[in-house]
Amino acid sequence: MDKYTVLLADDEEEVIQIIMKKIDWDELGFSVIGYANNGVRALEMVEEFQPDVVMTDIKMPYMDGMELANHIKAEFPATKILLFTGFDKFEYAKEAVHLEVEEYILKPVNAAELTEVFTHLKIKLDKEISEKRNTEILQKYYMESLPLLQADFYASLIAGRIHEDETEKYLSDYQISFTGPFFCCLVIHTSSSQVPEGMHPMLLATSVQKQAEEYLKEWNPKCFSYLGNTILIPELKSETEISELTDECDRFCKYARRMIGAVVTVGIGPVCRDISGLSQSYSSAREAVSYRVLYGTSRSINMKEVAPRQTSKSGTVHNEELSGLFKMIRLNGEKEIIKAVEQYLEHFAVPQKSLQQYHIDIMELISALYRFAVNNDIAMEEFSGDVGKLYNSIFDMEPDELKRWLTDISLLFREKIISARNSSTQSFVSGAKEYVQNNYADEELSLDRICEVLGVSNSYFSTLFKKETGSSFISYLTDYRMDQASRMLIETSEKSYIIAKNVGYTDPNYFSYVFKRRFGVSPSNYRREHTESEE
């Protein structure tokens, strides 16, 4: 397997260089992905690379090693932490035990000692991954999965086959509790074409199901298999909690890829107040998984975010070809849409069909198109005139004429949806930029804050913002603050610590560190260089 990754953190670069050179990392099965000279930078690199091991000094600027370890354990519990320090204090050692730190090493660092530490750590990491991939454990879990009656009830519930007046009886008989008060449906798709060597696809999917149930246990999910996917029904305390759940699902996808080699996509349906609404939530979640062709795998996709105005799939039209056509309109190009139109219209040519049934089919088609337009916020006047003409000549229309009309309408819908999607994306990005311009001095301004203001999940916004701007939101915020600071240094005579506060930094030392990283010189030298050049 690939080597385990290590991140080093120490404000003494010579110590880091000694560690990097004196240890045979290749032989030990590890690879150093980089190093940081302060705790804040180390945390940024952990968030970006998610290393298997972080080896950090305790005493560092901006954020010490203990605080860094706290953040890592809270946000990346699978990451192993090694502490090394010149301070042999009982309080540090006691806190290290509390944080479940792997080793507490005193400086000066000894190469032989470090080699032994990483040798044992490699064995431990191998054992953890081996346990997750152990075929016998997976097989046992598969045989001991949810009882058949419960799984059958859940499958019937999301398929819409349970009548409301029967629900309470099933819940009582099968000892199932839904406390809510809000619910939604998650569809977890595990790729069967990208499977670790020696692993059976079914066992891999079973492993993903087990890991998902444990990873998302905060939401007390009902977990079962249905139509080749893992389905979760989580319980939410409020409707707004869906953003937090979306972000957690996004982290789970990356966790599954790293720990068990599974390529996972999670589709998330809309929130409902009652379990009777789970069938619609499931339909949307399953459709959201299809959007992986646009947004990529190993991530979560919230249907409300990728199609915010869509409220139903195709009204009450229960026709697979028509549903397939609407799906092509949302996801594919012109050729696929034309083919879907042809497949749908094939049922009009059935010889045994009566004229009355033909008329009913046409009426249902027009009604479905109308609902689709309304649900996707497409202005009806753009084709209502054509609909009026269609109603007047519907029964005399030749098949080819109907085909041309339906194809044109479908392609028009596709253009409108793409335009609306791009407009929604630009709206989020421009809204975020405007908020930064008005609030960059707020020290509490963060990714979480902007997502809360915009009402969108962190994972979706981050992907969207980087795709549109080419940089992460935090990088954009930092650059904007630095630009404002540089302007203030030239145009005002304010002290550096005042300017730091004016652009959102409470720690003037950290402000100077970030400023120098951006412009290559300290704030005072920057002011001197630019004011002297003007003179």
Using only atom types and a distance under 3.5 Å, with no angle test, would you say the side chain of [X] pairs donor to acceptor with the backbone of [Y]?
X    : Y    : value
S281 : C185 : yes
D52  : T5   : yes
T469 : F465 : yes
N302 : T246 : no
D64  : M60  : no
S172 : E168 : no
N458 : D247 : no
K80  : M55  : no
H163 : D165 : no
N38  : R41  : yes

Can you check whether [X] reaches [Y] side chain to side chain, under 4.5 Å on heavy atoms?
X    : Y    : answer
L477 : R481 : yes
T297 : H189 : no
L7   : V46  : yes
L157 : Y170 : no
T407 : L411 : yes
R414 : M328 : no
S459 : S300 : yes
V54  : L82  : no

* Asked: Passes side chain to side chain contact (heavy atoms under 4.5 Å, CB included), V53 versus L125? Steps please.
  -> CA-CA 10 Å; V53 182; L125 287 166; 4.2 Å; yes

Please lay out, stage by stage, how V187 and T230 fare under the test side chain to side chain contact (heavy atoms under 4.5 Å, CB included). CA-CA 6 Å; V187 174; T230 293; over 6 Å; no

Sequence neighbours excluded and cut-off under 3.5 Å, please list the side-chain donor-acceptor pairs for residues 265-277, or say none.
| unit_1 | atom_1 | unit_2 | atom_2 | d |
| --- | --- | --- | --- | --- |
| R273 | NH2 | E239 | OE2 | 3.4 |
| D274 | OD2 | S276 | N | 2.9 |
| D274 | OD2 | S276 | OG | 2.8 |

Kindly indicate, with the supporting measurements, whether the criterion ring pair (Phe, Tyr, Trp, His ring centres under 6.0 Å) is fulfilled by Y282 and Y226. CA-CA 11 Å; Y282 166 72; Y226 185 64; 5.7 Å; yes

- For the side chain to side chain contact (heavy atoms under 4.5 Å, CB included) test, which of I176, I231, L232 pairs with K222?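 By the side chain to side chain contact (heavy atoms under 4.5 Å, CB included) criterion, K222 pairs with just one of I176, I231, L232: I176.
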
With V341 as partner, the option from D408, I409, L406 fulfilling side chain to side chain contact (heavy atoms under 4.5 Å, CB included) is L406

Give, for atom [atom1] of [X] and atom [atom2] of [Y], the distance between the pair rounded to the nearest 0.5 Å.
X    : Y    : atom1 : atom2 : result
T190 : Q209 : OG1   : CD    : 9.0 Å
N438 : E434 : CG    : CD    : 5.5 Å
S225 : N229 : OG    : CG    : 9.0 Å

- Message: Less than 4.0 angstrom from a charged side-chain N to a carboxylate O is my criterion; do E287 and K304 meet it?
- Response: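 No, E287 and K304 are not salt-bridged.
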
Query - Test: K217 and E214 ion pair at under 4.0 Å - result: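 A salt bridge is present here (some side-chain N lies under 4.0 Å from a carboxylate O).
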
* To do: Show your reasoning for whether side-chain hydrogen bond (donor to acceptor under 3.5 Å, both in side chains) applies to T79 and Q50.
  => CA-CA 8 Å; T79 301; Q50 296 190 23; over 6 Å; no

Take L43 and V40 through the test side chain to side chain contact (heavy atoms under 4.5 Å, CB included) and record every step on the way to the result. CA-CA 5 Å; L43 185 57; V40 172; 6.0 Å; no

Taking everything shown except [X] itself, do over 12 heavy atoms lie less than 6.0 Å from its [atom1]?
X    : atom1 : value
Y440 : OH    : yes
E334 : CD    : no
Q437 : CD    : yes
R286 : CZ    : no
E452 : CD    : no

List the atom of [X], the atom of [Y], and the distance in Å for their closest heavy-atom pair.
X    : Y    : result
S243 : S457 : O-CB, 3.5 Å
P221 : L216 : CD-O, 3.4 Å
G65  : T56  : CA-OG1, 4.0 Å
M45  : P51  : O-CD, 4.4 Å
I329 : I337 : CA-CD1, 4.0 Å
Y476 : K433 : OH-CG, 3.4 Å

Decide salt bridge (charged side-chain N to carboxylate O under 4.0 Å, His left out) for E336 and K327; before the verdict, give the C-alpha distance in whole Å, the side-chain angles of both, and the deciding distance to 0.1 Å. CA-CA 10 Å; E336 290 82 4; K327 185 175 181 179; over 6 Å; no

From the list F473, Y435, F428, ring-ring contact (aromatic ring centres under 6.0 Å, His included) with F461 holds only for F473

Could you give the side-chain donor-acceptor pairs of residues 255-263 under 3.5 Å, partners two or more places apart or in another chain?
| unit_1 | atom_1 | unit_2 | atom_2 | d |
| --- | --- | --- | --- | --- |
| R257 | NH1 | S298 | OG | 3.3 |

*Just say parallel, tilted or perpendicular for the rings of F118 and W25, cut-offs at 30° and 60°.*
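Rings of F118 and W25: perpendicular, over 60°.
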
Item to complete: Report the C-alpha distance between E166 and K169 in whole Å, list the side-chain angles of each, state the deciding distance to 0.1 Å, and finish with yes or no for salt bridge (charged side-chain N to carboxylate O under 4.0 Å, His left out).
Response: CA-CA 6 Å; E166 298 177 323; K169 182 179 184 303; over 6 Å; no

Worksheet item: Of the options E244, E241, E248, E235, which is the one that meets W219 in a side chain to side chain donor-acceptor pair (under 3.5 Å)?
Response: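 Of E244, E241, E248, E235, side chain to side chain donor-acceptor pair (under 3.5 Å) with W219 is met by E241 alone.
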
Please lay out, stage by stage, how S446 and I450 fare under the test side chain to side chain contact (heavy atoms under 4.5 Å, CB included). CA-CA 6 Å; S446 64; I450 197 69; over 6 Å; no

Applying side-chain contact (heavy atoms from CB on, under 4.5 Å) to K122 and not counting sequence neighbours gives Y4, F30, D126

